[in-house]
Novice: 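Below is the structure I would like to discuss, written out as structure tokens.
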Amino acid sequence: MTAYKTIAGAASAEHIEKRSRFICLTTPARDEAEALAMLEEVRVRHPDANHNCYAYILRMGNTQRCSDDGEPQGTAGLPILEVLRHRGMQDVIAVVTRYFGGTLLGAGGLIRAYSQGAALALDAAIVLNMCLCTVAAIELHYSGYGKLQNLFAAFGVVVLEESFAENVSLRFRIAADRFLALEKEIAEMSAGSSRPVVLGEEFAAI
């Protein structure tokens, strides 16, 4: 995986379906412990709710889980999960809490209501496009610093750290699929005297 989507923070929404109230919350979760802790928070917040149905997708262990929490099988948790899948979400949990309004919705109505709840919560969230990035360091003479800045701007490089001593030292991040091209440009710019050293890889929002 070289790219995925997640959300920047918690987001919520509500809707009413035939007098049933659906309260929808989605938050980032890096692992199952975080996902289940958020689910427990929702249960504590809504102790008298009829159902707290949920789904989450995590990069760790390629994990996908969902629960109907007492609703007819396949009418709540799976529709929520399908919304997360359709939106390309990772490291996200969505919980849809239902307060029963006295009117049965039927299987089709439940699927629509829970799907809508998850979609509304995601619509309210700030979506982050995460890209696999290379983190590298470089040291060069001050005479090449201006040219390097121009290259960094052209390649969308994010400078993480700079230090100025006898030479300029920088630690930076760039989309992994652009690193080799940048490396070539730096070699040409510096006549081979400067070369970035790869420190590792990480996902970052672009």
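Residue indices begin at 1 and follow the sequence shown.
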Novice: Is there side-chain contact between E17 and L105, with at least one heavy-atom pair below 4.5 Å?
Specialist: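 Yes, close enough: below the 4.5 Å cut-off.
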
Novice: Flag the pair T63 / E32 as yes when at least one side-chain heavy-atom distance between them is below 4.5 Å, and no otherwise.
Specialist: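 A side-chain contact under 4.5 Å exists here.
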
Novice: Start with the C-alpha distance between M89 and I57, add both sets of side-chain angles, then the distance that settles side-chain contact (heavy atoms from CB on, under 4.5 Å), and finish with yes or no.
Specialist: CA-CA 7 Å; M89 291 293 157; I57 299 178; 5.5 Å; no

Novice: Does I7 reach the side chain of L122, with side-chain heavy atoms less than 4.5 Å apart?
Specialist: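 Touching, per the 4.5 Å side-chain cut-off.
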
Novice: Between H46 and Y99, is there a side-chain donor-acceptor contact under 3.5 Å, judged purely by atom types and distance?
Specialist: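 H46 and Y99 do have a side-chain donor-acceptor pair below 3.5 Å.
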
Novice: Classify the side-chain pair Q73/D68 by whether it contains a donor and acceptor separated by less than 3.5 Å.
Specialist: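 Q73 vs D68: no donor-acceptor pair found between side chains.
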
Novice: Does CZ belonging to R85 count more than 12 external heavy atoms closer than 6.0 Å?
Specialist: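 Enclosed.
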
Novice: Can you say whether the rings of F172 and F152 are parallel (under 30°), tilted (30 to 60°) or perpendicular (over 60°)?
Specialist: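 Because their plane-to-plane angle lies in the 30° to 60° range, the rings of F172 and F152 count as tilted.
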
Novice: Measure the acute angle between the ring planes of H15 and F22, then classify it against the limits of 30° and 60° as parallel, tilted or perpendicular.
Specialist: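 The arrangement is parallel - the two ring planes meet at less than 30°.
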
Novice: Looking at R87 and D123, is there a salt bridge between them, counting it only when a charged N and a carboxylate O are closer than 4.0 Å?
Specialist: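 Salt bridge present between D123 and R87.
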
Novice: State, without any angle test, whether Y145 and E162 hold a side-chain donor-acceptor pair at a distance under 3.5 Å.
Specialist: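 The answer is yes; a qualifying pair exists.
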
Novice: Going by heavy atoms in the side chains, are M189 and L140 under 4.5 Å from each other?
Specialist: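 Contact flag for M189/L140 side chains = yes.
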
Novice: Quick one, V198 and V135 - any side-chain contact, counting heavy atoms below 4.5 Å?
Specialist: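 The answer is no; the side chains never approach within 4.5 Å.
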
Novice: With heavy-atom distances below 4.5 Å as the criterion, would you say the side chains of V95 and M38 are in contact?
Specialist: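 When only atoms from C-beta onward are counted, M38 and V95 do touch, with a gap below 4.5 Å.
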
Novice: Looking at every non-hydrogen atom in both residues, tell me the closest pair between A55 and L84 and how far apart they are.
Specialist: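 Heavy-atom minimum between the residues: O-CD1, 3.6 Å.
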
Novice: Give a yes or no on whether the ring-centroid distance for F179 and F155 is below 6.0 angstrom.
Specialist: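 Between F155 and F179, which both carry aromatic rings, the centre distance is not below 6.0 Å.
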
Novice: I need the C131 SG to K5 NZ distance, nearest 0.5 Å.
Specialist: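 The NZ atom of K5 is 13.5 Å from SG of C131, to the nearest 0.5 Å.
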
Novice: Report whether I126 and I93 are members of the same hydrophobic cluster (ILVMFWY, side-chain heavy atoms less than 4.5 Å apart, transitive linking).
Specialist: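 Different clusters.
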
Novice: Under a 4.5 Å cut-off applied to non-hydrogen side-chain atoms, are Y56 and L36 in contact?
Specialist: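 The answer is yes, as the side chains (C-beta and beyond) meet within the 4.5 Å cut-off.
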
Novice: Just wondering, are more than 12 heavy atoms of other shown residues or ligands nearer than 6.0 Å to CZ in R112?
Specialist: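 Not buried by this count: 12 neighbours or fewer within 6.0 Å.
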
Novice: If you group Ile, Leu, Val, Met, Phe, Trp and Tyr by side-chain heavy-atom gaps below 4.5 Å, do L81 and V92 land in one group?
Specialist: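 Result: yes, single cluster for both.
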
Novice: F203 ring centre to R59 NZ or CZ under 6.0 Å, with the angle to the axis within 45°?
Specialist: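 Yes; both conditions hold, so R59 lies above the ring face of F203.
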
Novice: List the steps, then state whether side-chain contact (heavy atoms from CB on, under 4.5 Å) holds for E41 with V44.
Specialist: CA-CA 5 Å; E41 283 185 25; V44 170; 5.8 Å; no

Novice: For residues E71 and R98, determine if any side-chain heavy atom of one lies less than 4.5 Å from a side-chain heavy atom of the other.
Specialist: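 In contact.
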
Novice: Shared ILVMFWY cluster between L120 and Y114, side chains joined below 4.5 angstrom?
Specialist: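 No, L120 and Y114 fall in different hydrophobic clusters.
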
Novice: Taking L170 as the starting point, is it possible to reach I174 by hopping between hydrophobic residues whose side chains are less than 4.5 Å apart?
Specialist: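 Yes, same cluster.
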
Novice: Below 4.0 angstrom, N of the basic side chain to O of the carboxylate: do R30 and D91 qualify?
Specialist: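 D91 and R30: not salt-bridged.
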
Novice: Step by step, work out the side-chain contact (heavy atoms from CB on, under 4.5 Å) result for S20 and T103.
Specialist: CA-CA 7 Å; S20 279; T103 301; over 6 Å; no

Novice: Is E188 atom CD crowded by more than 12 heavy atoms from other residues, nucleotides or ligands, each under 6.0 Å away?
Specialist: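 Buried by this count: over 12 neighbours within 6.0 Å.
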
Novice: For V197 and I138, run side-chain contact (heavy atoms from CB on, under 4.5 Å): C-alpha distance rounded to whole Å, both residues' side-chain angles, the deciding distance at 0.1 Å, then the answer.
Specialist: CA-CA 6 Å; V197 177; I138 189 170; over 6 Å; no

Novice: Which one of T97, V96, V42, N52 satisfies the side chain to side chain contact (heavy atoms under 4.5 Å, CB included) criterion with I23?
Specialist: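 Only match with I23 under side chain to side chain contact (heavy atoms under 4.5 Å, CB included): T97.
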
Novice: Under a single-linkage definition using a 4.5 Å side-chain heavy-atom cutoff for Ile, Leu, Val, Met, Phe, Trp and Tyr, are L110 and L78 assigned to the same hydrophobic cluster?
Specialist: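 The answer is no; the residues belong to distinct hydrophobic clusters.
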
